[in-house]
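First comes the structure, then the notes that go with it.
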Amino acid sequence: MPETTVQAFKNGPFIIKGPIKVLDVDGNEYDVSDQKAIALCRCGQSENRPFCDGKHNRIGFNSEETVES
Ligand code: FES
């Protein structure tokens with residue numbers, strides 16, 4: 001079975017690769033079947049939420065969380 005990964009990008013979105021379903025608050029599914037990877041907005045400013053539209057670059061979103069050990 002293919003693995004799904006979710007990776008936070010520095011000052012940017014979450015990039016999800018692998019099999020995934022993205023549902024809205026009512027449980028309706030976004031059609032992402034033709035995409036090998038998707039970017040989910042992490043800055044909250046996208047005009048195409050839940051997907052990233054690149055606005056994080058224009059607003060200077062700053063986030064560099066890393067795994068704490
Ligand atoms: S993370 Fe890209 S628009 Fe929000």
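We count ligands from 1, going down the list as the structure has it; atoms in each ligand are counted the same way. What you see is a predicted model, and the numbers here were worked out from it, not measured in a lab.
If you chain together ILVMFWY residues whose side-chain heavy atoms come under 4.5 Å of each other, I59 ends up grouped with F61.
Between the side chain of D24 and the main chain of G27, a donor-acceptor pair closer than 3.5 Å is present.
Applying the side chain to side chain donor-acceptor pair (under 3.5 Å) criterion to D26, with sequence neighbours excluded, gives no partner residue.
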What pairs of donor and acceptor atoms, side-chain ones from residues 4-20 against any protein atom, are under 3.5 angstrom apart with sequence neighbours left out?
{"unit_1": "T4", "atom_1": "OG1", "unit_2": "P19", "atom_2": "O", "d": "2.7"}
{"unit_1": "N11", "atom_1": "OD1", "unit_2": "S63", "atom_2": "N", "d": "2.8"}

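The two residues K55 and E47 make their nearest non-hydrogen contact at NZ-OE2, 3.6 Å.
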- Message: Test side chain to side chain donor-acceptor pair (under 3.5 Å) on S33 and D31; report intermediate values, then the result.
- Response: CA-CA 6 Å; S33 59; D31 183 9; 2.6 Å; yes
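Around atom 4 (Fe) of ligand 1, the protein N, O or S atoms closer than 2.8 Å are C41 SG, C43 SG, listed by chain and residue number.
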